[in-house]
Protein chains: 2
Amino acid sequence: MQQKKEIINKLRSSNLRPTKQRILIAKKLFDRKETFHFTAETLNKEINRKGQNKISLATIYNTVEAFKRAGHIREILTNNCKSYYDTNIKSHHHFYDPDSKKLTDIDYQEVIMKKIPNPPKGKKIKDLEVVISLQKK
Amino acid sequence: MQQKKEIINKLRSSNLRPTKQRILIAKKLFDRKETFHFTAETLNKEINRKGQNKISLATIYNTVEAFKRAGHIREILTNNCKSYYDTNIKSHHHFYDPDSKKLTDIDYQEVIMKKIPNPPKGKKIKDLEVVISLQKK
DNA sequence: TCCTAGTTTAGAATAATTATAAACTAGAAA
DNA sequence: TTTCTAGTTTATAATTATTCTAAACTAGGA
Ligand SMILES: [Mn+2]
Ligand SMILES: [Mn+2]
Ligand SMILES: [Zn+2]
Ligand SMILES: [Zn+2]
């Protein structure tokens, strides 16, 4: 839950002018209890449904890219030619249900590794992501 | 390492006529020691470099799709709008190096989980994939 | 050798994303 | 408050990845 003031601060703090469009998109993304997994297309539909608001698709793309650069959202791994984003910027894992094509968050501490390989020399581990694919029982 | 005969059998067994083009692509994909991670674009470059061979891009796409359906290759998760494929069809994990944008295989048994969450009701786990992102030390 | 279903191909079509450049606006300064 | 301008939005064009189309080709059984 984020008030308009908080949203404006969030934008200001990342050098993004709090325009009408960015505030509206930020509300849609961040003013919710659950993590939101979305694509440019789904976000555009959410925003521009019923002709209530009107934000151009170019602005949707620009804003998503700006929010990503600012670290307010992160891009997630998928297997189709469409970029997916996640409002949960903490390290965490996912269930993936191929039937609904939906991701569900798994808290980082819900997965504990007993053994992982050493990184190649000269490299260290930045992040570790687990995707658990599901199927009907 | 796969002989031409083996490759032809592999194609026949999945109801794919062993055409000149498919044999050539299969050799490029499967006649190598290490796993090959590729996109339609990189495969096309490998095949059609120096005008030695000439296989149309449409055939590259058709063949990759056919090999995927037959289970000879698998598609892997990425974060950009380009399909990546893997000649290693066993369940396994990856290191991802954002600098070189290259994946490296990790054997399934190199990763052992101490704790994973229960799947949502009505669902069971089909697969579990780990991607370990790297950075410079 | 003939026949035909399956395959390849160039090119068109589509889908996702990014670039362009003109109009608009937030907000600092006058 | 008004002015000014860099930053932003927008329609639209361009680009990139992929899929479709339909004509030409070919593997391989009859
Ligand atoms: Mn795909
Ligand atoms: Mn991307
Ligand atoms: Zn998530
Ligand atoms: Zn692999």
Side-chain angles (χ1 to χ4, degrees), chain A residues 4-5 7-28 37-48 51-70 72-73 75-85 101, chain B residues 4-5 7-28 37-48 51-70 72-73 75-85 101:
Chain A
K4 186 163 179 178
K5 276 239 172 78
I7 282 174
I8 289 179
N9 287 340
K10 186 178 220 169
L11 292 172
R12 282 245 164 71
S13 74
S14 32
N15 271 306
L16 296 169
R17 272 194 196 167
T19 63
K20 211 167 47 155
Q21 292 86 342
R22 282 174 179 164
I23 291 167
L24 209 152
I25 292 173
K27 259 188 189 146
K28 197 59 100 178
H37 298 115
F38 65 97
T39 66
E41 190 197 4
T42 60
L43 178 59
N44 187 48
K45 270 190 197 131
E46 280 264 319
I47 293 277
N48 289 314
Q52 299 168 102
N53 316 294
K54 180 73 194 79
I55 298 182
S56 78
L57 185 57
T59 298
I60 300 282
Y61 273 102
N62 290 342
T63 304
V64 164
E65 179 60 25
F67 286 6
K68 180 181 137 189
R69 267 202 311 268
H72 300 313
I73 59 177
E75 198 171 350
I76 44 188
L77 304 174
T78 70
N79 70 343
N80 71 8
C81 185
K82 205 180 277 191
S83 291
Y84 273 77
Y85 300 91
K101 290 179 180 170
Chain B
K4 186 162 179 178
K5 274 235 174 82
I7 283 174
I8 289 179
N9 287 341
K10 186 177 221 170
L11 292 172
R12 281 245 164 72
S13 73
S14 31
N15 271 306
L16 297 169
R17 272 194 196 167
T19 63
K20 209 166 50 157
Q21 292 87 341
R22 283 173 178 163
I23 291 167
L24 209 152
I25 293 172
K27 260 188 188 146
K28 197 59 99 177
H37 298 115
F38 65 97
T39 66
E41 191 196 3
T42 60
L43 178 59
N44 188 47
K45 269 190 197 131
E46 280 264 319
I47 292 275
N48 288 314
Q52 298 168 100
N53 315 294
K54 180 74 195 78
I55 298 183
S56 78
L57 185 57
T59 298
I60 299 283
Y61 274 101
N62 289 342
T63 303
V64 164
E65 179 59 25
F67 286 6
K68 180 181 138 189
R69 266 202 312 268
H72 301 313
I73 59 178
E75 197 170 350
I76 43 188
L77 304 174
T78 72
N79 70 342
N80 71 5
C81 186
K82 205 181 277 191
S83 291
Y84 272 78
Y85 301 90
K101 289 179 180 169

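In what follows, chains carry the letters A, B, and so on, assigned in the order in which the sequence lines appear, proteins first and then strands, with residues in each chain numbered from 1. Since we're looking at a predicted model, the values are computed, not measured.
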End-to-end bend of the helix from C:dT1-D:dA30 to C:dA30-D:dT1 (five-pair axes, 10° rounding)?
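One end axis against the other gives 10°.
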Mind calculating the distance between [atom1] ([X]) and [atom2] ([N]) to the nearest angstrom?
X	N	atom1	atom2	result
A:Arg69	D:dG7	CZ	C1'	13 Å
A:Lys68	C:dT18	NZ	C1'	13 Å
A:Asn15	C:dA26	CG	P	17 Å
B:Ile60	D:dT16	CD1	C1'	17 Å

Tell me, with the steps shown, if A:Val64 and A:Phe38 meet side chain to side chain contact (heavy atoms under 4.5 Å, CB included).
CA-CA 10 Å; A:Val64 164; A:Phe38 65 97; 4.0 Å; yes
Measure the CG-OH distance between B:Leu43 and B:Tyr85 for me, rounded to the nearest 0.5 Å.
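So the gap between those two atoms works out to 10.5 Å.
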Would you give the length of the straight line joining atom CZ of A:Arg22 to atom CD1 of A:Ile7, rounded to the nearest 0.5 angstrom?
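Between atom CZ of A:Arg22 and atom CD1 of A:Ile7 there are 13.5 Å.
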Just jot down the salt bridge (charged side-chain N to carboxylate O under 4.0 Å, His left out) partners of B:Glu41, sequence neighbours excluded, or say none.
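B:Glu41 satisfies salt bridge (charged side-chain N to carboxylate O under 4.0 Å, His left out) with B:Lys45, B:Lys82 once adjacent residues are dropped.
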Between [options], which nucleotide gets closest to the side-chain atoms of [X]?
X	options	answer
A:Glu41	C:dA19, C:dA16, D:dT8	C:dA16
A:Arg22	C:dG11, D:dT8, C:dT8	D:dT8
B:Ala58	C:dT8, D:dT18, D:dC20	D:dC20
A:Asn62	D:dT10, C:dT17, D:dT18	D:dT10
B:Lys82	C:dA19, D:dC20, D:dT18	D:dT18

Under the side chain to side chain contact (heavy atoms under 4.5 Å, CB included) criterion, do B:Gln21 and B:Thr63 qualify, and how do the steps go?
CA-CA 9 Å; B:Gln21 292 87 341; B:Thr63 303; 5.6 Å; no
I'd like to know whether B:Glu46 forms a side chain to side chain contact (heavy atoms under 4.5 Å, CB included) with B:Thr42, so could you lay out the CA-CA distance, the side-chain angles of the two residues, the decisive distance to 0.1 Å, and finally the verdict.
CA-CA 6 Å; B:Glu46 280 264 319; B:Thr42 60; 5.6 Å; no
For the student: nearest non-hydrogen atoms of A:Ile23 and A:Pro18, plus distance:
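Minimum heavy-atom contact is CD1-O, 3.5 Å.
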Of B:Glu65 and A:Leu16, whose nearest nucleotide on DNA chain D comes first from the 5' end?
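Looking at DNA chain D, the more 5' nearest nucleotide goes with A:Leu16.
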Polar-atom pairs under 3.5 Å, protein N or O versus N or O of nucleotides 27-30 of chain D: list them with distances, or write none.
residue, atom, partner, partner atom, Å
D:dA27, N3, B:Arg17, NH1, 3.4
D:dG28, OP1, B:Arg12, NH2, 2.4
D:dG28, OP2, B:Arg12, NH2, 3.4

Does [N] have its OP1 or OP2 closer than 4.0 Å to a side-chain nitrogen or oxygen of [X]?
X	N	result
A:Ser56	D:dT9	no
A:Thr39	C:dA16	no
B:Tyr61	D:dT18	yes

